[in-house]
2 protein chains.
Amino acid sequence: MTRIPATERRAALIDAALRVVSRNGLAQATTRAIVAEAGMSLASFHYAFASRDELVDELITTVISREQQAVLPDLIPGQTLHEILEAGLLRYFEHLRADPEHEQAMLELTQYALRSPERHPLAAAQYARYTELAAHALDVAAEHSGVRWRSPVDRVARVLVAFTDGLTLTWLVDRDDDAARAVAAAAADALTRMADTR
Amino acid sequence: MTRIPATERRAALIDAALRVVSRNGLAQATTRAIVAEAGMSLASFHYAFASRDELVDELITTVISREQQAVLPDLIPGQTLHEILEAGLLRYFEHLRADPEHEQAMLELTQYALRSPERHPLAAAQYARYTELAAHALDVAAEHSGVRWRSPVDRVARVLVAFTDGLTLTWLVDRDDDAARAVAAAAADALTRMADTR
DNA sequence: ACCGAAGTGGGACAGTTGTCCCAGTCGGAT
DNA sequence: ATCCGACTGGGACAACTGTCCCACTTCGGT
């Protein structure tokens with residue numbers, strides 16, 4: 001096996017772990033399964049990480065920092081706020097449909113973090129990041145459509161995150177596309193009413 | 001140990017399992033942990049259930065059938081639809097605050113069911129039940145406030161379930177009561193706009 | 001009283017999992 | 001070229017898990 005420095009192995013193992021978690025769930029993401037996915041030997045795992053817990057913790061933080069802006073739609077001049085928001089939510093939905101396993105993995109990692117007091121902050125950080133991304137999208141949307149949020153944008157963003165989460169979880173269960181689109185429309189509606197025309 | 005018929009043991013084990021899952025998570029709900037919680041010996045477990053999987057499957061179906069109407073608020077004459085819906089959502093939120101571990105357990109069971117094709121229907125049934133309960137609450141609310149849902153009530157209910165789920169998940173993470181109430185208000189707003197005054 | 005079926009207890013087993021050890025090997029600085 | 005530390009492979013270990021077995025006890029119907 002070609003020699004790889006420990007830092008690169010850490011990255012490779014985290015990538016492999018994310019694939020395993022997405023494909024088979026966190027419970028199946030054993031050290032051996034991760035190592036097999038990465039094409040390494042078991043010893044390399046504990047050379048790169050002190051423990052499986054350390055890997056999972058780092059997986060969560062990595063995955064948070066990678067989280068991209070998926071909600072921002074193309075902005076078209078003259079669009080109303082409602083149109084922008086709904087388009088953004090639908091874009092998120094397409095992202096979800098394209099890679100449901102990824103969102104499912106995120107959900108599982110959150111639940112896992114929620115289960116122990118010392119990991120709870122990881123879950124909180126994950127959602128803080130979601131909220132941050134949502135707030136940015138809402139800023140852009142308000143700017144573009146010339147409105148002003150009645151509450152602080154973080155508060156509105158927090159509502160958007162909740163709606164997005166609900167859309168995700170329910171769709172993962174019933175895979176009802178039309179229902180998900182109805183949720184997007186209703187959410188856009190609610191959010192629109194949290195803004196005043198300037 | 002006093003003798004208990006197998007059917008009662010099944011019920012006792014399921015209750016114990018739900019407590020263990022709520023307290024420590026599904027991953028910690030081993031046969032030994034469940035049996036200890038129920039105060040039985042390990043042999044009793046496999047006398048009552050063929051396997052742990054069978055127990056978990058039955059736990060899910062049991063828990064679905066027990067699911068109560070938590071969203072229906074007290075109806076006060078003259079209340080607007082928006083007021084009824086927001087009060088209902090806030091009542092659900094109080095229910096969540098009173099026993100967060102229970103909702104967390106539900107979420108974990110859903111995720112678990114989502115992970116294998118043969119169990120997916122269990123998750124679907126769980127959400128079908130949620131939707132059913134929500135639809136009933138929406139029927140009552142519309143009746144009481146003299147409005148008519150523009151879409152079939154099941155569709156509106158599906159949206160309500162998504163909003164409730166989002167409220168739950170995000171609150172479980174950040175425990176921000178005010179944010180959750182804002183979500184409830186926004187959700188009530190969106191739902192209200194899905195009805196026409198008759 | 002008795003007898004078969006139902007229920008119980010403890011121990012055992014094999015498979016899996018996280019972790020560790022150790023002997024070896026490679027690569028780059030000297 | 002050599003040598004030290006970084007890396008690798010394979011095997012091992014103990015803990016845990018689901019499951020099973022078997023000898024035993026209790027109960028309800030006869």
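This is a predicted model, so every value here is computed, not measured. Residue numbers begin at 1 in each chain, while the letters A, B, ... track the order of the sequences.
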(message) Protein within reach of the bases, or only the backbone? For nucleotides 21-30 of chain C, mark each nucleotide 5' to 3' as B, S or -, using heavy atoms under 4.0 Å.
(response) ----BBS---
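A/Arg97 has a carboxylate O that lies under 4.0 Å from a charged side-chain N of A/Asp177, or vice versa, which qualifies the two as a salt bridge. Salt-bridge annotation for A/Asp196 and A/Arg148: absent, with no side-chain N of the basic residue lying under 4.0 Å from a carboxylate O of the acidic one. Between A/Arg181 and A/Glu94 there is a salt bridge, with a side-chain nitrogen of the basic residue lying less than 4.0 Å from a carboxylate oxygen of the acidic one.
Atom P of nucleotide D/dG9 and atom CE of A/Met40 are separated by 10 Å, given to the nearest angstrom. Distance CD (A/Glu54) to P (C/dC20): 11 Å, rounded to an integer number of Å. Protein atom CZ of B/Arg52 is 10 Å distant from nucleotide atom P of D/dT17, rounded to whole Å. The nearest whole Å value for the distance from the NE2 atom in B/His46 to the P atom in D/dT19 is 5 Å. Put simply, CD1 on B/Ile4 is 14 Å from C1' on D/dC27, counting in whole angstrom units. Remark: P of D/dG18 and CG of B/Asp57 are 14 Å apart, rounded to the nearest angstrom. Atom CZ in A/Phe49 sits about 12 Å away from atom P in C/dT19, given to the nearest Å.
Mapping B/Ser44 and A/Asp53 onto DNA chain C by nearest heavy atom places B/Ser44 closer to the 5' end of the strand. With the nearest nucleotide of DNA chain D identified for both A/Tyr47 and A/Leu42, A/Tyr47 has the one nearer the 5' end.
The main-chain N or O of A/Phe93 is never found under 3.5 Å from a side-chain atom of A/Trp171 such that the two would form a donor-acceptor pair.
Of the residues B/Val56, B/Leu114, B/Thr61, the one that meets the side chain to side chain contact (heavy atoms under 4.5 Å, CB included) test with B/Leu122 is B/Thr61.
Under the 4.5 Å side-chain criterion, counting only non-hydrogen atoms from C-beta, B/Arg119 is in contact with B/Asp53.
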(request) Show your working on salt bridge (Lys or Arg N to Asp or Glu O under 4.0 Å) between A/Arg19 and A/Glu37 and close with a plain yes or no. (result) CA-CA 8 Å; A/Arg19 286 197 297 276; A/Glu37 175 75 25; 2.6 Å; yes
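Residue B/Glu54 qualifies as enclosed at atom CD: its count of foreign heavy atoms under 6.0 Å is above 12.
Ring geometry for B/Tyr127 versus B/Tyr130: interplanar angle over 60°, hence perpendicular rather than tilted (30 to 60°).
Proximity of residues 14-35 of chain B to DNA chain D (heavy atom under 4.0 angstrom from any strand atom) is restricted to B/Thr30, B/Thr31, B/Arg32.
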